[in-house]
Novice: 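Dropping the structure in here first, questions after.
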Amino acid sequence: MTKSRLIPCLRYDDAPAAIAFLCDAFGFARHAVYADPDDPSIIHHAQLILDGGMVMLGSARPSEVAERYRWKTAREADGITMCVSAYVADPDAHHARAKAAGAEIVTEPHDNPGYPGRSYDARDPEGNVWNFGSYDPWAV
């Protein structure tokens, strides 16, 4: 299987809750989760996979690295800093799962204007927007 070499990285105030939500609502699976041994509410690094794609995430916390890169959560930025887009075979079924798990639906499933496929958008509990659609940008 070809694996994407571009991997979005996100920061969350409550990374353990974000991991649970992304797995329950959006169907991600835990590939690796490195929690702080003294405080499991702090996630140093996590890798979640979905159909061959991956996102990485960690806990937002004051640090030299956070200052250097000016890391901000969507809440801190008071808006999204990017949208993560994922290919799914059946956006309508994926939407039903996400909605049942409590995801905030930004746009209901719809046909994509101007190009093939269907998609919908959802916001996670900390404000990041996720686009799930059947348009496969790798297909010729």
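All heavy atoms count here, side chains included; hydrogens, waters and symmetry mates do not. Everything numeric in this text was worked out from a predicted model, so none of it was measured. Counting from 1, the numbers follow the sequence of the chain as shown.
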Novice: Minimum heavy-atom separation for P91 to S134, with atom names?
Specialist: CG-N, 3.5 Å

Novice: Any chance you could pull the hydrophobic cluster mates of I80, using side-chain heavy atoms under 4.5 angstrom and chaining through other members?
Specialist: V129

Novice: Side-chain heavy atoms under 4.5 angstrom apart, residues restricted to Ile, Leu, Val, Met, Phe, Trp, Tyr: same cluster for V33 and L22?
Specialist: yes

Novice: Looking at D90, D92, D121, which hits side chain to side chain contact (heavy atoms under 4.5 Å, CB included) with P109?
Specialist: D92

Novice: Start with the C-alpha gap between N131 and Y87, add the side-chain angles, then the distance that decides, and say whether side chain to side chain contact (heavy atoms under 4.5 Å, CB included) holds.
Specialist: CA-CA 9 Å; N131 170 268; Y87 169 79; over 6 Å; no

Novice: Suppose we screen for side-chain contact (heavy atoms from CB on, under 4.5 Å). Which residues come up paired with D39, at least two apart in sequence or across chains?
Specialist: D36, S41, I42

Novice: Look at the aromatic rings of F132 and F26 and report parallel, tilted or perpendicular, splitting at 30° and 60°.
Specialist: tilted

Novice: Could you go through W130 and V106, starting from their C-alpha distance and side-chain angles, then the distance that decides it, and tell me whether this counts as side chain to side chain contact (heavy atoms under 4.5 Å, CB included)?
Specialist: CA-CA 9 Å; W130 297 76; V106 177; over 6 Å; no

Novice: L48 and R30: side chain to side chain contact (heavy atoms under 4.5 Å, CB included), yes or no, with the steps?
Specialist: CA-CA 5 Å; L48 306 181; R30 291 163 178 84; 4.0 Å; yes

Novice: Any idea which heavy atoms bring M54 and P8 closest together, and the distance?
Specialist: O-CD, 3.5 Å

Novice: Under the side-chain hydrogen bond (donor to acceptor under 3.5 Å, both in side chains) rule, collect the residues that match up with R70, sequence neighbours excluded.
Specialist: none

Novice: Enumerate the residue pairs fulfilling salt bridge (charged side-chain N to carboxylate O under 4.0 Å, His left out) with a member in residues 56-67, sequence neighbours excluded, ordered by first and then second residue.
Specialist: E64-R68

Novice: Which side-chain N or O atoms in residues 10-20 pair as donor and acceptor under 3.5 Å with protein atoms at least two apart or in another chain?
Specialist:
from: Y12; atom 1: OH; to: D124; atom 2: OD2; distance (Å): 2.5
from: Y12; atom 1: OH; to: N128; atom 2: ND2; distance (Å): 3.4
from: D14; atom 1: OD1; to: A17; atom 2: N; distance (Å): 3.2

Novice: Got a sec, which residues hit side-chain contact (heavy atoms from CB on, under 4.5 Å) with Y69, two or more places apart in sequence or on another chain?
Specialist: V65, W71

Novice: Could you pull out the closest heavy-atom pair between F21 and G102, with the gap in Å?
Specialist: CE1-C, 4.3 Å

Novice: Going hydrophobic residue to hydrophobic residue with side-chain gaps under 4.5 angstrom, can you get from M56 over to F28?
Specialist: no

Novice: Using side-chain hydrogen bond (donor to acceptor under 3.5 Å, both in side chains) as the criterion, list what pairs up with N112, not counting sequence neighbours.
Specialist: S119

Novice: What pairs with D111 under side-chain hydrogen bond (donor to acceptor under 3.5 Å, both in side chains), at least two apart in sequence or on another chain?
Specialist: R118

Novice: Go through the structure and list residues passing side-chain hydrogen bond (donor to acceptor under 3.5 Å, both in side chains) with E126, not counting sequence neighbours.
Specialist: none

Novice: A32: what forms a side-chain contact (heavy atoms from CB on, under 4.5 Å) with it, not counting sequence neighbours?
Specialist: Y34, Q47

Novice: Keeping to residues at least two apart or across chains, list the side chain to side chain donor-acceptor pair (under 3.5 Å) pairs with something in residues 93-104.
Specialist: H94-Y120, H95-E108, E104-R123

Novice: Linking Ile, Leu, Val, Met, Phe, Trp and Tyr through side-chain heavy atoms less than 4.5 Å apart, which residues share a cluster with Y115?
Specialist: Y135

